[in-house]
Undergrad: 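After the structure tokens below, expect a handful of questions from me.
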Amino acid sequence: MVKVTYIAADGTETIVDAREGDNVMQTALDNDVDGIVGECGGAMMCATCHCYVDEDWRDQTGARQAGEDDMLECAADEVKPSSRLSCQIRLTHAVDGLVVHLPRDQV
Ligand code: FES
């Protein structure tokens, strides 16, 4: 299992145990975490899985995948250097303990 902490815009924290190999978006949906919509199911055809990777985890999660920048232009909330499409962040042991912040709006 890989632990992930989701911090909502209002500061509410939700900590879940994720299956290794899943992504941050699917894990949020599977655990009823508010603030992630994931409208396209991870096909990188929406930006409703937008999240901000906590500063302490940016190196471990790596750079944006090809195409993420284009989709993030459609994000409903502010795009920051830490912005990622959460469906593109794969959960491995290297990111056990990952913290992501959720934007106020996804649509
Ligand atoms: Fe649509 Fe991530 S779920 S881009």
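A quick note: this is a predicted structure, and the numbers were derived from the prediction, not measured. Whatever order the structure lists them in is the order used to number ligands and atoms, beginning at 1.
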Undergrad: Can you find a heavy atom in the side chain of Q60 that is under 4.5 Å from one in the side chain of L98?
TA: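 A side-chain contact under 4.5 Å is absent here.
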Undergrad: Can you give me every donor-acceptor pair (side chain of residues 75-82, partner residue at least two apart or in another chain, under 3.5 Å) with its distance?
TA:
residue : atom : partner : partner atom : Å
D77     : OD2  : R104    : N            : 2.9
D77     : OD2  : D105    : N            : 3.3

Undergrad: Decide, yes or no, whether a salt bridge links R90 with D22 under the criterion of side-chain N to carboxylate O below 4.0 Å.
TA: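 Judged by the 4.0 Å cut-off on N to carboxylate O distance, R90 and D22 do not form a salt bridge.
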Undergrad: Measure the shortest side-chain to side-chain distance between I7 and L102 over non-hydrogen atoms and say whether it is less than 4.5 angstrom.
TA: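 Answer no - side chains too far apart.
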Undergrad: Do any side-chain atoms of residues 38-47 form donor-acceptor pairs under 3.5 angstrom with protein atoms, and if so which ones, sequence neighbours left out?
TA:
none

Undergrad: At distances under 2.8 Å, what protein N, O or S atoms surround atom 1 (Fe) of ligand 1?
TA: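 The answer is C40 SG, C46 SG.
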Undergrad: Among all residues two or more places apart in sequence or in another chain, which pass the side-chain hydrogen bond (donor to acceptor under 3.5 Å, both in side chains) test with D10?
TA: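 T12.
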